[in-house]
**Q** 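Here's a structure for you.
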Amino acid sequence: MKLRKIISFAIVLCLIGGTFTHAESTGWGLSFQENGQPPVGNAGAEDLLQYNAWYIGDTEQKTIYLTFDAGYENGYTSTILDVLKEKDVPAAFFVVGTYIEANPELVKRMADEGHIVANHTATHPDMSAISDLESFQLELTQTEELYRAATGKDMPKYYRPPRGVFSTENLKMAHELGYKTIFWSLAYVDWYRDDQPTQEEAFSKLLPRVHPGAIVLLHSTSQTNAEILGQLIDQYRSMGYTFGTLEEL
């Protein structure tokens, strides 16, 4: 199981290499070269900007952008929302359409409490395998419609590719549809339901590697995240960080 974690983490969060000049599918990758400093992505921040895509904020400001991916409900989202409310911290929740269908009250609570509820597609496919704009758009508009039905509001135009798999064509299509694509600059292996990291393992990744402008990806399905979130927020604040929203990017 531990080997599976190492392999999966290497796939998702390694430096994949190559240039950002082709339409081939790739997974979002990061190389952490020095604790406390921004990592290097396998696409540069300025390259991404031409498609209104982001993986990091202003690296001169000690601001953190807290984001959660929500593919299904595992019983911890209410606790996470309680902590965010208690600590007065904004977040963005990237939700799958099926999550909205199954949990409309939780989604409404996210929106009512001032969090951004963003688009993680309707069915969580490999979006890089979709080559035509109509099919790509359908994955986003279906989620928008479900969100509108649950909240009575229009969904903010932020999109995160499932599993971080993307192509330049994906980025172009999302941009054409008025979306900002949001990757991340800090994450850890927190998504295995039956193999959760210990709190010590979580802090060992999330504290040393935090950096100015960090877009932090956590999964709301994680029991560990629900348990550590309050302390994590306090630790970040003690390090001089504040919390911003994706609207500031």
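FYI, the numbering just counts along the sequence from 1. It should be emphasised that the depicted structure is a prediction, and the values quoted were computed from it without experimental measurement.
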**Q** Measuring from R209:CZ to F32:CZ, what's the distance to the nearest 0.5 Å?
**A**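 Separation between the atoms: 5.0 Å.
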**Q** With distance as the sole test, does Q50 use its side chain to make a donor-acceptor pair with the main-chain N or O of D47 at under 3.5 Å?
**A**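 Present.
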**Q** Check whether any side-chain heavy atom of L171 lies under 4.5 Å from a side-chain heavy atom of F166, and answer yes or no.
**A**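 Sidechains of F166 and L171: in contact.
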**Q** For residues 50-69, which residue pairs pass the salt bridge (charged side-chain N to carboxylate O under 4.0 Å, His left out) check, not counting sequence neighbours?
**A**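 Those involving residues 50-69 are D69-R160.
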**Q** How close do T67 and V216 get, heavy atom to heavy atom, and via which atoms?
**A**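 Nearest heavy atoms, T67 then V216: OG1-O, 2.7 Å.
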**Q** With a 4.5 Å cut-off on side-chain heavy-atom distances among I, L, V, M, F, W and Y, is there a chain of contacts connecting Y72 to V189?
**A**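 Not linked; separate clusters.
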**Q** In the structure I gave you, are the side-chain heavy atoms of W28 and Y55 within less than 4.5 Å of one another anywhere?
**A**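 Touching, per the 4.5 Å side-chain cut-off.
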**Q** Once you round to the nearest 0.5 Å, how far does CE of M110 lie from CG of L84?
**A**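 CG of L84 is found 10.0 Å from CE of M110.
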**Q** Nearest 0.5 Å, please: how far is CD in Q137 from CG in D132?
**A**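 If we round to the nearest 0.5 Å, D132:CG and Q137:CD are 10.5 Å apart.
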**Q** Can you tell if the side chain of L106 reaches within under 4.5 Å of the side chain of Y99, non-hydrogen atoms only?
**A**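 Answer yes - side chains close enough.
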**Q** Show your working on side chain to side chain contact (heavy atoms under 4.5 Å, CB included) between K87 and D234 and close with a plain yes or no.
**A** CA-CA 8 Å; K87 301 294 184 180; D234 290 344; 3.0 Å; yes
**Q** From N52 CG over to E176 CD, what is the distance, rounded to the nearest 0.5 angstrom?
**A**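 Rounded to the nearest 0.5 Å, the CG-CD separation comes out at 13.5 Å.
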**Q** Could you tell me if the side chain of Y236 sits less than 4.5 Å from the side chain of L207, heavy atoms only?
**A**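 Yes - at least one pair of side-chain heavy atoms lies under 4.5 Å apart.
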**Q** Taking the side chain as every heavy atom from C-beta outward, state whether T98 and L146 have any atom pair closer than 4.5 Å.
**A**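 Not touching, per the 4.5 Å side-chain cut-off.
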**Q** Once salt bridge (charged side-chain N to carboxylate O under 4.0 Å, His left out) is applied, what residue pairs with a partner in residues 107-117 remain, sequence neighbours excluded?
**A**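 Listed by first then second residue: D82-R109, K108-D112, R109-E113, D112-K153.
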**Q** So, E139 versus T123: side-chain donor-acceptor pair below 3.5 Å or not?
**A**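 There is such a pair between these side chains.
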**Q** Atom CG in N225, atom CD in Q199: separation rounded to 0.5 Å?
**A**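 The distance works out to 10.5 Å.
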**Q** Run through the side-chain heavy atoms of Ile, Leu, Val, Met, Phe, Trp and Tyr, join any pair under 4.5 Å, and report what else lands in Y179's cluster.
**A**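 Traced through the cluster, Y179 reaches M127, I130, L133, F136, L140, Y159, M173, L177.
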**Q** Is the side chain of S222 donor-acceptor paired with the backbone N or O of W191 at a distance under 3.5 Å, no angle test?
**A**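 Such a contact is absent between S222 side chain and W191 backbone.
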**Q** Identify the two heavy atoms, one from A91 and one from F68, that lie closest to each other, and give their separation to 0.1 Å.
**A**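 So the minimum-distance heavy-atom pair works out to CB-CE1, 4.0 Å.
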**Q** Within the distance-only criterion (no hydrogens, no angle test), does the side chain of D190 pair as donor or acceptor with the backbone N or O of H219 below 3.5 angstrom?
**A**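 Checking the backbone N and O of H219 against the side chain of D190, a donor-acceptor pair under 3.5 Å is found.
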**Q** Would R193 and Q223 count as a side chain to side chain contact (heavy atoms under 4.5 Å, CB included) here? Give the steps.
**A** CA-CA 8 Å; R193 180 189 297 192; Q223 179 180 353; over 6 Å; no
**Q** Looking at E144 and K157, does any basic side-chain N land under 4.0 Å from a carboxylate oxygen?
**A**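 Yes, this pair counts.
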**Q** Should V89 and R237 count as side-chain neighbours, where that means a heavy-atom distance under 4.5 Å?
**A**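 Side chain of V89 against side chain of R237, heavy atoms only: contact under 4.5 Å found.
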**Q** Quick check: closest heavy atoms across A45 and I56, and the distance to 0.1 Å?
**A**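 That would be CB-CG2, 4.4 Å.
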**Q** Judged by atom type as modelled, is there a donor-acceptor pair below 3.5 Å linking the side chain of E73 to the main-chain atoms of Y76?
**A**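 Present.
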**Q** Does the pair L30 and V40 meet the rule for a side chain to side chain contact (heavy atoms under 4.5 Å, CB included), with working shown?
**A** CA-CA 6 Å; L30 297 168; V40 177; over 6 Å; no
**Q** For residues 238-249, please give each side-chain donor-acceptor pair under 3.5 Å, one per line with the distance, not counting sequence neighbours.
**A**
| unit_1 | atom_1 | unit_2 | atom_2 | d |
| --- | --- | --- | --- | --- |
| S238 | OG | Q235 | O | 2.7 |
| T245 | OG1 | E247 | N | 3.4 |

**Q** Which residues pass the side-chain hydrogen bond (donor to acceptor under 3.5 Å, both in side chains) test with N103, sequence neighbours left out?
**A**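 For N103 there are no side-chain hydrogen bond (donor to acceptor under 3.5 Å, both in side chains) partners, ignoring immediate neighbours.
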**Q** Can you check whether F93 and H115 have ring centres sitting under 6.0 Å from each other?
**A**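 Ring-ring flag for F93/H115: true, centres closer than 6.0 Å.
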**Q** Taking 4.0 angstrom as the limit, do D154 and R148 come out as a salt bridge?
**A**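 Salt bridge: yes.
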**Q** Using the benzene-type ring in the case of Trp, are the ring centres of F183 and W54 under 6.0 Å apart?
**A**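 No.
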**Q** Could you check whether S167 and S128, counting side-chain N and O atoms only, form a donor-acceptor pair closer than 3.5 Å?
**A**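 No pair is found: no donor N or O on one side chain lies under 3.5 Å from an acceptor on the other.
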**Q** Apply ring pair (Phe, Tyr, Trp, His ring centres under 6.0 Å) to H211 and list each qualifying residue two or more places apart in sequence or on a separate chain.
**A**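 Listed in chain order: nothing, the list is empty.
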**Q** What's the separation between atom CD in E227 and atom CG in L232, rounded to the nearest 0.5 Å?
**A**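 Nearest 0.5 Å value for the CD-CG distance: 13.0 Å.
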**Q** Is it true that a side-chain atom of N42 and a backbone atom of G29 form a donor plus acceptor pair closer than 3.5 Å?
**A**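 Confirmed, N42 side chain pairs with G29 backbone.
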**Q** So Y188 and T224, side chain to side chain contact (heavy atoms under 4.5 Å, CB included) or not? Walk me through it.
**A** CA-CA 12 Å; Y188 79 117; T224 299; 3.9 Å; yes
**Q** Measure the shortest side-chain to side-chain distance between I215 and L186 over non-hydrogen atoms and say whether it is less than 4.5 angstrom.
**A**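 The answer is no; the side chains never approach within 4.5 Å.
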**Q** Quick one: closest heavy-atom pair of P90 and L66, and the distance?
**A**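 For P90 versus L66, the nearest heavy atoms are O-CB, 4.1 Å.
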**Q** Start with the C-alpha gap between Q37 and Q33, add the side-chain angles, then the distance that decides, and say whether side-chain hydrogen bond (donor to acceptor under 3.5 Å, both in side chains) holds.
**A** CA-CA 8 Å; Q37 296 300 313; Q33 301 178 353; over 6 Å; no
**Q** Can you see which heavy atom on P161 is nearest to which on H120, and at what distance?
**A**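 Where P161 meets H120 most closely, the heavy atoms are O-CE1, 3.8 Å.
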**Q** What heavy-atom pair brings A122 and T143 nearest, and what distance separates the two atoms?
**A**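 Shortest heavy-atom contact: N-OG1, 3.0 Å.
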**Q** Any chain of hydrophobic side-chain contacts (each under 4.5 Å) joining L217 to V165?
**A**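 No, L217 and V165 fall in different hydrophobic clusters.
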**Q** Compare all side-chain heavy atoms of P39 with those of S31 and state whether any distance is below 4.5 angstrom.
**A**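 Counting from C-beta outward, P39 and S31 never come under 4.5 Å.
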